[in-house]
Number of protein chains: 2
Amino acid sequence: MLTHAERTETWLAALRGHGYRLTAPRQAVVAAVAESDRALIPAEVHDQARRAYPRLGLVTVYRTLEKLEELHLVQRVHRPDNCQAFVAGVEGHQHLLICQKCGRVQYFSGDQLGALIQRVQADSGYEIHDHWLQLFGECGEC
Amino acid sequence: MLTHAERTETWLAALRGHGYRLTAPRQAVVAAVAESDRALIPAEVHDQARRAYPRLGLVTVYRTLEKLEELHLVQRVHRPDNCQAFVAGVEGHQHLLICQKCGRVQYFSGDQLGALIQRVQADSGYEIHDHWLQLFGECGEC
DNA sequence: GTGATTGCAAAGCGTTTGCACCGTA
DNA sequence: TACGGTGCAAACGCTTTGCAATCAC
């Protein structure tokens, strides 16, 4: 488990490693997402990142999120009302637990869906490649 | 399990029962969604429904889908790339199996997630109210 | 110095709203 | 006949693109 600052550094290193330049606007966007435990929409990332870099344009937020998603450093969070929010990703196959009040996100694993997937596959004639499991609720702080 | 035509009739009856008028454009939209086994985006519903009622405007598609969603006759389908598609809903708590090629949708139940949800709830301090489970793959016909 | 990156402004796209006309009940 | 429903056109909000200026390497 990384600290927030370590996560920012890791992401910046990954961007650099893929040939991307490290600019001040880009660093502000990366820090905003890497150091949040909530799913943020682009406008929220913009608001947050402008505290570090006030001249930041919204366009740069979109372009940076796109790169972070490409590198699997962030992932999109789908909610009933909004599917444009992003959170820090994790290694391996994990699922999301999302607070419906504040948007705070936690990962969990161990879904044990193997048997269910086998059964549904046999019953339906589909070949199943992937699954989404998300839990919604209210977090301890809300 | 209803036939497609029966489903259309059921939905029209439900709309009538809620005080909505039965117009030709509305019937065309209802039939398009009720008689599809794929998740359709509004533009696809429009295309399909115009075969029955060519003057149909896209706006009416949106307004009718809104009413069908209110009455829980259709539900929105979330996919990695698109969250605006609609399918016929089912009674009770069921999950979706979606073909990534053609968009064909099937429901299944029996997720047995109770124990997992209890565990995650205890570990996380969240109070879990709801869950989403979706399987993605390729259907028999694709 | 060179080419990636930026912010602005404009374009694009799907969705919603305003409104006069139409058609169901 | 009354009023809900319709299609058109315009407005809207979010996202993407074109471009000249800027800045990391």
Side-chain angles (χ1 to χ4, degrees), chain A residues 9 11-33 39-71 74 76-86, chain B residues 9 11-33 39-71 73-74 76-86 103:
Chain A
E9 287 313 311
W11 291 10
L12 291 175
L15 286 169
R16 200 184 308 122
H18 284 263
Y20 295 119
R21 295 183 179 175
L22 295 195
T23 63
R26 199 164 270 175
Q27 293 187 39
V29 173
V30 166
V33 183
L40 303 176
I41 61 176
E44 289 172 328
V45 175
H46 190 218
D47 288 346
Q48 177 59 31
R50 269 202 293 191
R51 296 184 193 172
Y53 188 79
R55 306 180 7 85
L56 180 68
L58 182 54
V59 177
T60 298
V61 173
Y62 280 98
R63 292 194 272 226
T64 304
L65 287 172
E66 190 184 344
K67 286 174 178 54
L68 294 175
E69 196 178 17
E70 261 171 42
L71 302 182
V74 303
R76 208 174 279 266
V77 176
H78 293 258
R79 287 179 287 186
D81 50 313
N82 184 308
C83 301
Q84 324 304 326
F86 293 85
Chain B
E9 288 312 312
W11 291 10
L12 292 174
L15 286 168
R16 201 184 308 122
H18 284 264
Y20 295 119
R21 293 182 180 175
L22 295 194
T23 63
R26 198 164 271 174
Q27 294 186 38
V29 173
V30 165
V33 183
L40 302 176
I41 62 176
E44 289 172 328
V45 175
H46 190 218
D47 288 346
Q48 176 59 31
R50 269 203 293 192
R51 296 185 193 171
Y53 188 80
R55 307 183 5 85
L56 180 67
L58 182 54
V59 178
T60 297
V61 173
Y62 279 98
R63 292 195 271 227
T64 305
L65 287 172
E66 191 183 345
K67 287 174 177 56
L68 293 174
E69 197 177 16
E70 262 172 40
L71 302 182
L73 298 172
V74 303
R76 208 173 279 265
V77 176
H78 292 258
R79 287 179 287 186
D81 50 312
N82 183 308
C83 301
Q84 323 304 327
F86 293 85

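Side chains are part of it too, since the values below use all heavy atoms of this structure and drop only hydrogens, waters and symmetry mates. To find a chain, count down the sequence lines: A is the first, B the second, and so on, and within it residues start at 1.
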Nearest-Å distance for atom pair CG/P, residues A/Leu68 and C/dT5: 13 Å
Can you identify which nucleotide, out of D/dT17, D/dG5, C/dT5, has its nearest atom closest to the A/Arg26 side chain? C/dT5
Take the protein atom OH of B/Tyr20 and the nucleotide atom P of C/dG23, then report the distance between them rounded to whole Å. 22 Å
Measure from the side-chain heavy atoms of A/Pro25 and tell me the nearest of D/dT6, C/dT17, C/dT6. C/dT6
Do A/Tyr20 and A/Arg26 come close enough that some side-chain heavy atom pair is under 4.5 Å? yes
Map B/Ala24 and B/Gln84 onto DNA chain C by nearest heavy atom, then report which one ends up closer to the 5' terminus. B/Gln84
About how many Å separate CD of B/Glu70 and CG of B/Leu65, when rounded to the nearest 0.5 Å? 11.5 Å
Ignoring hydrogens and angles, does a donor from either the side chain of B/Arg63 or the base of D/dG4 sit under 3.5 Å from an acceptor on the other? no
Can you figure out which of D/dG7, D/dC25, C/dG7 approaches the side chain of A/Leu22 most closely? D/dC25
Closest approach of A/Leu40 and A/Ala32, non-hydrogen atoms and distance? CD1-O, 3.9 Å
Of the options D/dG5, D/dT17, D/dC8, whose atoms approach the side-chain atoms of B/Thr23 most closely? D/dG5
Measuring from the side chain of A/Arg21 (C-beta onward, heavy atoms only), which nucleotide among D/dG7, C/dG3, C/dC8 has the closest atom? C/dG3
Please report, rounded to the nearest Å, how far the P atom of D/dC25 is from the CG atom of A/Leu12. 11 Å
